[in-house]
Amino acid sequence: MKKLLMVGTMSVMVFGLSACGSGADSKSSESEEQTPKTEEKQVTKETDTAKQDVNSSEDTKEKTEAKQDKEEVTTEEDAPATEDTQVKEEEATTPDQKVETPKTETAKKPAATATTVAFSLSADGFKQSAVAPKTGGTVSLVYLNTTPQTADFGPLKVTVKQYKLESVTGANKKMDPYSPESYLANQDGFVVTADVIVENTTASNINYLAERIQINGGGISKGASLENFVPTAYQLTGSPSAHNMFPAKSKREGAITYMLNKQNYYTLVHLTKLVVPNPNDFAEKALPTKTTKAIDLDFRITE
């Protein structure tokens, strides 16, 4: 009996152990089945996460590239606009400067003033009349000679640098009746003006009367004047104390004149000479001159 109980007990225990083993195996199998599913879920989740990351990266990259492209487009669009603005500013500035420059130069230019050239012994000044201001009427330059001629006596040289002939018509200014110039106040006539240089080449003073230089022609002669129609500044004077005293080693220049009426003029125009007297004609002590006579110079007073 006891043996049967023991066998039965052992059978029950074996059956129980089998059942437990089978349940363990079943649970183990279910656990194993559940584990892959979990791993699959994790893998799927990781895959989804990776996809999201990739998509996110691609979106970010696309957005970044789009933003850069937009910035580049904006920069390129802005650049020409800036250049155009600079060009316009330069074009706007350049014309203004070109316009202002001549205005400044124009402002600096002095206003043109009319100048009146007065009589003098210069080439241009000698062409001006010292007669017209005193006679009025019509004064015309008839003849001008600018070829110098010299009467060389040795110790003294007399040079006619230039001379001219002026006609006076209808003199209408009131003149001093006691002045020799009034000779032309009531009649038409002519005035001859000669630019003369007297040079003393010696170591001593020489007395010389330049007013004795005469116009000679047609059998008549006319003496010169040191003052008639000659401005004071251009009168021929040897020295302040005596107009006829020419200092040693000196050279004096001045104008002398001749007044002619129409009759005198038409007589003198033929073979006119200027007769220059010898300095010994006035010297207290004889000078070693080259000649004892006067020297004649050609003195044509008509065209």
Side-chain angles (χ1 to χ4, degrees), residues 119-123 125-127 130 142-166 190-230 233-239 242-260 264-265 267-303:
F119 173 84
S120 70
L121 300 180
S122 67
F126 194 73
K127 296 175 184 177
V142 177
Y143 180 72
L144 173 67
N145 189 308
T146 58
T147 303
Q149 298 183 76
T150 301
D152 186 0
F153 294 100
L156 191 78
K157 296 180 181 179
V158 178
T159 300
V160 178
K161 182 179 176 181
Q162 56 190 340
Y163 67 93
K164 66 180 179 178
L165 173 72
E166 294 175 281
F190 299 85
V191 177
V192 177
T193 304
D195 178 4
V196 177
I197 300 173
V198 178
E199 181 182 2
N200 180 356
T201 63
T202 71
S204 303
N205 295 342
I206 293 180
N207 179 40
Y208 191 77
L209 301 178
E211 60 269 33
R212 296 286 184 89
I213 300 174
Q214 298 179 340
I215 291 180
N216 192 349
I220 65 171
S221 296
K222 282 287 184 178
S225 169
L226 303 179
E227 299 176 354
N228 294 338
F229 303 114
V230 180
Y234 302 108
Q235 293 178 359
L236 180 58
T237 302
S239 64
H243 74 275
N244 58 312
M245 190 60 65
F246 293 85
K249 302 295 182 180
S250 68
K251 183 184 290 187
R252 299 287 186 266
E253 180 177 7
I256 60 176
T257 60
Y258 304 86
M259 292 186 295
L260 309 172
N264 294 152
Y265 171 72
T267 301
L268 288 167
V269 292
H270 302 288
L271 302 175
T272 310
K273 298 290 185 181
L274 190 69
V275 182
V276 183
N278 193 295
N280 278 326
D281 293 344
F282 318 108
E284 296 180 357
K285 182 179 180 181
L287 298 171
T289 58
K290 295 181 178 180
T291 180
T292 59
K293 297 181 179 180
I295 296 178
D296 294 346
L297 301 177
D298 290 332
F299 203 72
R300 186 179 65 182
I301 55 176
T302 186
E303 291 290 354

What are the two closest non-hydrogen atoms of [X] and [Y], and how far apart are they?
X: A294; Y: P277; answer: CB-CA, 4.0 Å
X: E253; Y: L236; answer: C-CD1, 3.8 Å
X: G238; Y: R252; answer: O-NE, 2.9 Å
X: N200; Y: P247; answer: ND2-O, 3.0 Å
X: P155; Y: T202; answer: CB-CG2, 3.4 Å
X: P279; Y: L156; answer: CB-CD2, 3.9 Å

Beyond-backbone contact of [X] with [Y], side-chain heavy atoms, under 4.5 angstrom:
X: V196; Y: V158; result: yes
X: L274; Y: I215; result: yes
X: F153; Y: N280; result: no
X: Y265; Y: L165; result: yes
X: Q235; Y: L226; result: no

Rounded to the nearest 0.5 Å, what's the gap from [atom1] on [X] to [atom2] on [Y]? Could you check?
X: T147; Y: Q162; atom1: OG1; atom2: CD; value: 10.5 Å
X: K127; Y: S122; atom1: NZ; atom2: OG; value: 9.5 Å
X: I295; Y: K157; atom1: CD1; atom2: NZ; value: 11.0 Å
X: E227; Y: T237; atom1: CD; atom2: OG1; value: 8.5 Å
X: N264; Y: K222; atom1: CG; atom2: NZ; value: 4.0 Å
X: T201; Y: I206; atom1: OG1; atom2: CD1; value: 6.5 Å

Residues in side-chain contact (heavy atoms from CB on, under 4.5 Å) with K164, at least two apart?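 In terms of side-chain contact (heavy atoms from CB on, under 4.5 Å), with neighbours along the sequence ignored, K164 is linked to F119, F126, L141, L144, E166, T193.
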
Listed by chain and number, what are the side-chain contact (heavy atoms from CB on, under 4.5 Å) partners of A242, not counting sequence neighbours? S239, N244, M245

Got a sec, which residues hit ring-ring contact (aromatic ring centres under 6.0 Å, His included) with [X], two or more places apart in sequence or on another chain?
X: Y163; result: F299
X: F229; result: none
X: F246; result: none

Just by modelled atom types, is the K161 backbone N or O under 3.5 Å from a matching donor or acceptor in the T159 side chain? no

Main chain of N228, side chain of T257: is a donor-acceptor contact present, judged purely on distance under 3.5 Å? yes

Tell me yes or no: between the side chains of H243 and E211, is some donor less than 3.5 Å from an acceptor?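 Yes.
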
Check the pair F190, V192 against side chain to side chain contact (heavy atoms under 4.5 Å, CB included), reporting the backbone distance first and the verdict last. CA-CA 7 Å; F190 299 85; V192 177; 5.7 Å; no

Could you check whether atom CD1 of I220 has more than 12 heavy atoms from other residues, nucleotides or ligands sitting under 6.0 Å from it?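 Yes, enclosed.
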
Under the salt bridge (Lys or Arg N to Asp or Glu O under 4.0 Å) rule, what pairs show up with a residue in residues 268-293, not counting sequence neighbours? D152-K290, K273-D298

One pair to check against side chain to side chain contact (heavy atoms under 4.5 Å, CB included): N278 and T291. What are the steps and the verdict? CA-CA 8 Å; N278 193 295; T291 180; 4.2 Å; yes

Checking L287 against F282 for the side chain to side chain contact (heavy atoms under 4.5 Å, CB included) test, could you report, in this order, the C-alpha distance in whole Å, the side-chain angles of both residues, the deciding distance, and whether it holds? CA-CA 10 Å; L287 298 171; F282 318 108; over 6 Å; no

